[in-house]
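For ligands, and for the atoms within them, numbers begin at 1 and follow the listed sequence.
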Amino acid sequence: MIKIKQLSKIFETDDQSVQAVDDINLTIESGEIFGVIGYSGAGKSTFIRLINRLEEPTNGMVIVDGQEITNLNKDDLRVTRQEMGMVFQHFNLLWSRTVSENIAFPLEIAGISKPERKKRVSELIELVGLTGKEDAYPSQLSGGQKQRVGIARALANQPKVLLCDEATSALDPETTDAILSLLVDINEKLGITIILITHEMHVIQKICHNVAVMEDGRVIEQGTVLDVFSNPQQPVTKKFVEQVMGKPDDEITVESLIQTISSGQILKLQFIGETASHALISKVAKTFDVEVNILQGNIKQTQAGPYGSLYIQIIGDDKVMKQAIDFIRSTTVKVEVIHHD
Ligand SMILES: Nc1ncnc2c1ncn2[C@@H]1O[C@H](COP(=O)(O)OP(=O)(O)OP(=O)(O)O)[C@@H](O)[C@H]1O
Ligand SMILES: [Mg+2]
């Protein structure tokens with residue numbers, strides 16, 4: 001578990017002081033993927049760099065598994081840092097070294113013997129999906145492959161925590177998805193805690209369990225991804241949720257749906273975790289003598305299940321339709337009848 005208490009960082013420059021991180025308090029559970037989202041300048045990078053003390057805090061504490069990082073002397077810090085791998089937006093690879101040599105670098109620094117290094121490097125190459133690229137140089141790799149090297153290198157010393165600062169921001173959407181899947185895979189296989197920083201809400205939606213939203217150095221909102229997505233409180237959070245969900249549906253959408261149907265009812269189903277939409281729809285259609293048509297939907301998959309809304313048309317005998325609706329109500333799905341012919 002990582003505890004962050006009253007963490008602050010003020011940068012003093014010649015003519016001004018900047019409060020980059022302002023009194024952050026957070027608990028991050030072992031084995032979770034914790035996302036931090038915020039716009040440029042919110043203090044995300046400073047925050048993640050305070051965790052492994054690449055930046056020294058002005059105030060506050062970082063406690064990792066009971067050990068106070070902020071109190072360690074230089075030698076102890078060097079050892080403890082090996083337990084925290086870091087992945088960067090622009091990969092930060094050594095350009096004159098091959099893939100294998102890049103991954104071996106932190107092992108050399110840690111004083112691991114050559115045979116042991118070789119064994120570990122080949123395990124890592126396989127884990128991140130770079131088999132066949134061992135002797136390539138970074139300049140011969142795609143962006144996604146470079147980041148795989150960055151991730152393998154960060155995992156070399158078997159860290160407990162992986163810190164990712166915009167690890168997918170330099171990648172195209174497809175490559176981003178592949179790298180995000182790799183991070184989930186690593187989280188599940190190795191049980192490693194991942195702290196991930198991003199300005200893209202779909203990254204949070206796809207792989208995080210919990211999320212904190214930063215603005216002006218402060219955490220302004222936090223919670224499980226499903227809670228924050230389904231009930232965002234702060235204006236900044238609402239904007240981030242709109243990035244993936246679009247604007248909340250307005251009258252016009254509903255009006256136009258009504259015009260497309262000539263019979264039956266229109267239901268709005270809201271999914272927050274647990275029940276999968278396709279499974280529910282097919283169960284309703286199979287169990288009750290009703291016709292179900294999907295009119296419009298916007299459902300996203302999160303680590304804790306689906307989230308979003310689905311508009312369906314349901315046609316049938318009044319009594320049977322009511323039974324079907326009662327059945328949907330008995331699940332975790334929220335139902336609203338928005339039109340009845
Ligand atoms: N070394 C530094 N010296 C002075 N000010 C700094 C330093 N590093 C960061 N800052 C300032 O601290 C604030 C937070 O910066 P930070 O890099 O942590 O933001 P960020 O959320 O990571 O932004 P981005 O999304 O652009 O990477 C900014 O106002 C920045 O100018
Ligand atoms: Mg940054």
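Given atom 6 (C) of ligand 1, the protein heavy atom at minimum distance is F11 CD1, 3.2 Å. Looking from atom 25 (O) of ligand 1 to the surrounding protein, the closest heavy atom is K44 NZ, 2.8 Å. The protein atom (non-hydrogen) at minimum distance from atom 28 (C) of ligand 1 is G41 O, 4.1 Å.
Residue-to-ligand polar distances keep F47 apart from ligand 1: every N/O pair is separated by 3.5 Å or more. Ligand 1 has no N or O atom lying under 3.5 Å from any N or O atom of V18, backbone or side chain. Polar contact check, T46 against ligand 1: a nitrogen or oxygen pair lies under 3.5 Å apart. Considering backbone and side-chain atoms alike, G43 places an N or O below 3.5 Å from some N or O of ligand 1. An N or O contact shorter than 3.5 Å links S45 to ligand 1 by distance.
For the 3.5 Å distance criterion, the side chains of S45 and D165 qualify, holding a donor opposite an acceptor. Under 3.5 Å, the side chains of N157 and Q82 contain no donor-acceptor pair of N or O atoms. Defined by atom type and a distance below 3.5 Å, a donor-acceptor pair is missing between the side-chain atoms of Q6 and N25. Checked by atom type, the side-chain pair T237/E221 shows a donor-acceptor distance below 3.5 Å. Side chains of H199 and E166: a donor on one and an acceptor on the other come within 3.5 Å.
With atom 12 (O) of ligand 1 as the reference point, the heavy atom nearest to it among S40, S169, A42, A20 is part of A20.
Proximity of the aromatic rings of F271 and Y307 is defined here by a centroid distance below 6.0 angstrom, and this criterion is not met.
Per-atom contact check: atom 10 (N) of ligand 1 touches the protein, criterion being a heavy-atom distance below 4.0 Å. Within a 4.0 Å radius of atom 30 (C) of ligand 1, the protein contributes no heavy atom.
Heavy atoms of G38 stay at 4.0 angstrom or farther from ligand 1.
M86 places a side-chain heavy atom less than 4.5 Å from the side chain of I48. Side-chain contact between I197 and C164 is absent, with no heavy-atom pair separated by less than 4.5 Å.
Against a heavy-atom cut-off of under 4.0 Å, Y39 is close to the following atoms of ligand 1: 21 (O).
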Step by step, work out the side chain to side chain contact (heavy atoms under 4.5 Å, CB included) result for K74 and L77. CA-CA 5 Å; K74 277 231 158 70; L77 179 61; 5.6 Å; no
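Taking backbone and side-chain atoms together, S45 has an N/O/S atom less than 2.8 Å away from the Mg ion (ligand 2).
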